[in-house]
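A note on names: the letters A, B, ... follow the listed sequences, proteins ahead of strands, and every chain is numbered from 1.
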Protein chains: 2
Amino acid sequence: MADAAGSPVPHRYGNRPTMKDVAARAGVGLKTVSRVVNGEPGVTPDTERRVREAITALGFRRNDSARILRKGRTASIGLVLEDLADPFYGPLSRAVEEVARAHGALLINGSSAEDPAREQELVLALCARRVDGLVIIPAGEDHRYLEPELAAGVATVFVDRPAARIEADAVLSDCFGGSRAAVAHLIAHGHRRIGFIGDRPGIHTAAERLRGYRTAMAEAGLPVDPSWISLGPTDPDRVGAAARSMLDGPGPITALFAGNNRVTVTAVRVLAGRTLPVALVGFDDFELADLLSPAVTVVAQDAARLGRTAAEMLFRRLDGAAGEPRRVELPTRLIARGSGEIPPADRG
Amino acid sequence: MADAAGSPVPHRYGNRPTMKDVAARAGVGLKTVSRVVNGEPGVTPDTERRVREAITALGFRRNDSARILRKGRTASIGLVLEDLADPFYGPLSRAVEEVARAHGALLINGSSAEDPAREQELVLALCARRVDGLVIIPAGEDHRYLEPELAAGVATVFVDRPAARIEADAVLSDCFGGSRAAVAHLIAHGHRRIGFIGDRPGIHTAAERLRGYRTAMAEAGLPVDPSWISLGPTDPDRVGAAARSMLDGPGPITALFAGNNRVTVTAVRVLAGRTLPVALVGFDDFELADLLSPAVTVVAQDAARLGRTAAEMLFRRLDGAAGEPRRVELPTRLIARGSGEIPPADRG
DNA sequence: TAGCGCCTGGACAACGTTGTCAGAGCACGG
DNA sequence: CCGTGCTCTGACAACGTTGTCCAGGCGCTA
């Protein structure tokens, strides 16, 4: 029984025309079409015209999947980050995209949602697509799963946080130094009981910022009460509860150092409802920080620059730069706006 | 002269092992490896074990480029938006990504930077990659270039702004209604001289918001002085100058309606430096709007919902949903917070 | 033990493109 | 008139995977 439906040509991408179709219509050979499409020399103007006519008539567009298969380079890079919706990652993403564009590459994007399994799944999916390189803001604490990929030549640069248990290029902010400066700033304004609310301790940046806090306190000879430190998820509920408990407990804090932009925003909200002024410094700058009252003092890191630096490093590797994995650390900047300059209120 | 370098195998993706290599090492046929990799039935446990061992030993990972070429579906969708760094598009992007993920698809991302040529370039690059579908926030005013792609079966949904000169699915916010409500709100609080600063008039949302403004004014029987309206790029310099000229000219405005989040932010900055209070309503909600003083009244649209709705519509099309192009309009919501309730100051 | 069907495994072609190579056509000079 | 060298063109294989199809081996039954 002849089965018309079970034809030997199952899909053809929704019956898109191929170079073969164009060649047939133009009455030329397959390779000639390829030459025209790719602007290769050695085609008579007349032949070229015929081919171009056939291309527009058929609505042909080169199938890059086939091209990639043949050429071995995909001209695309992958970016895995925590959450595209986080205002910190928007500019970073965009910067990576701009660099990619300048190198003629497309960007494939994915959010890990801070879940190591999801990060790995995404990264491996990107490797299966044979992206030329990867920019990763890691969520996991073990990146050995990347070893075969690195060995196979997938260039990889980590941003914001370093890779764990493998050697790889990384571009980081000086979290430790920034935090130390932030806390020193509070101490300089007379604070002795300073709280720190940060992200989960497994996250490198959170750990570094905590270290900066501890160092600044130690350098000033100040004791740190364990109840002044709270690390964990940065959802408003948890952060709000942590802040309130530090403010309302015995020996309440007079200043708060917020470990990232999510925490800062919640802290601003909590403090806005208070009568006694509490000093605040936040890690990460954010839009309108200067227009709140008091304006929020922050440690600014340049997200776009992080992204740009990482992407440029990636393309240097792709262009053949060899050598040991490098770690670049970008400086942070304390922007004093007022909220960090509030002196400790007399709580006698 | 035998030339070792000019081997007939030029690249092999940095010498990654292929199924052939795995098959050779495991001592089985090519197709058997394929079966194991894809979890197809018909492989004895013992054979499967041998294959898996070879896979890990060689660090094999399936080449999805070849798979895509063969299968005709890429399991990826493209998202073209204006600027990934704009806080409005972050959540939208993320929502599209989540839906894509739920359907097992990857997201390829690009920013048009509000440049029609760049939009087209990006879209066509994505089509060449044979993305299964496209979500587009259009920058251009003529999308006929998409016709061959649509005819070839690339599902396409426009978001935030409709397609121009072609018929296509679209998910929009009710800009007209939202703006009308915003301006009516200002009028209800006693304002008669209300300014509008918006994006370039070629942008659909900007035009709709202007229409809402005009309609509300007309419905209240209020005249509109041309100097109260300013459309153009939303960079702080232009918006700031426009706002100042409306505030300082003859017959100064007593209230301002800001056409999008970029404009609102600049407006807040300008108004913060003023002594006479000026009422303000902004289109688009933004973080911390409630903590400014006065808190900023806004027309909120749900960016994540826009993205989600569009992506779901896209996948319904991919799953075979036929029919005429649909246009969905999502409601907006006026959130009164104070800045819109400032009565007009006595400027006698 | 012959016959039958089922299960496993592999050979082969195809997806649409590009690199290699050789052939066809032409002009020119000897 | 023919050889030489050039330009333009097309046939063919390969990229790595998956779908089709068939062969061989096994167990079961009559």
Query raised in the report: What's the closest nucleotide to the K71(B) side chain, out of dT18(D), dC15(C), dG10(D)?
Result: dT18(D)
Report summary line: Closest of dT9(D), dT17(C), dT18(D) to the M19(B) side chain is dT18(D)
Query raised in the report: Reckon D64(B) touches a base, only the sugar-phosphate, or nothing at all at heavy-atom distances under 4.0 Å?
Result: nothing
Query raised in the report: What residue among R317(A), R316(A), R327(A) forms side chain to side chain donor-acceptor pair (under 3.5 Å) with D169(A)?
Result: R317(A)
Query raised in the report: Does the dG16(D) base have a donor-acceptor partner in the side chain of K20(B) within less than 3.5 Å?
Result: no
Requested in this report: Tell me which nucleotide among dT9(D), dG16(D), dG10(D) gets nearest to the side chain of V43(A).
Outcome: dT9(D)
Requested in this report: Quick one: label V37(B) by what it contacts on the DNA or RNA (base, sugar-phosphate, nothing), any heavy atom closer than 4.0 Å.
Outcome: nothing
Query raised in the report: Does N63(B) put a side-chain nitrogen or oxygen below 4.0 Å from OP1 or OP2 of dC15(D)?
Result: no
Query raised in the report: Does any donor-acceptor pair link the side chain of R67(B) with the base of dG16(D) at a separation under 3.5 Å?
Result: no
Requested in this report: Give one of base, sugar-phosphate or nothing for G42(A), where a contact means two heavy atoms less than 4.0 Å apart.
Outcome: base
Query raised in the report: Which part of the nucleic acid does R62(B) contact within heavy-atom distance under 4.0 Å: base, sugar-phosphate only, or nothing?
Result: sugar-phosphate
Requested in this report: Check whether any side-chain nitrogen or oxygen of T47(A) sits under 4.0 Å from OP1 or OP2 of dT9(D), and answer yes or no.
Outcome: yes
**Report entry** Whole-Å gap separating P (dC15(D)) and CD1 (I68(B))
**Finding:** 19 Å
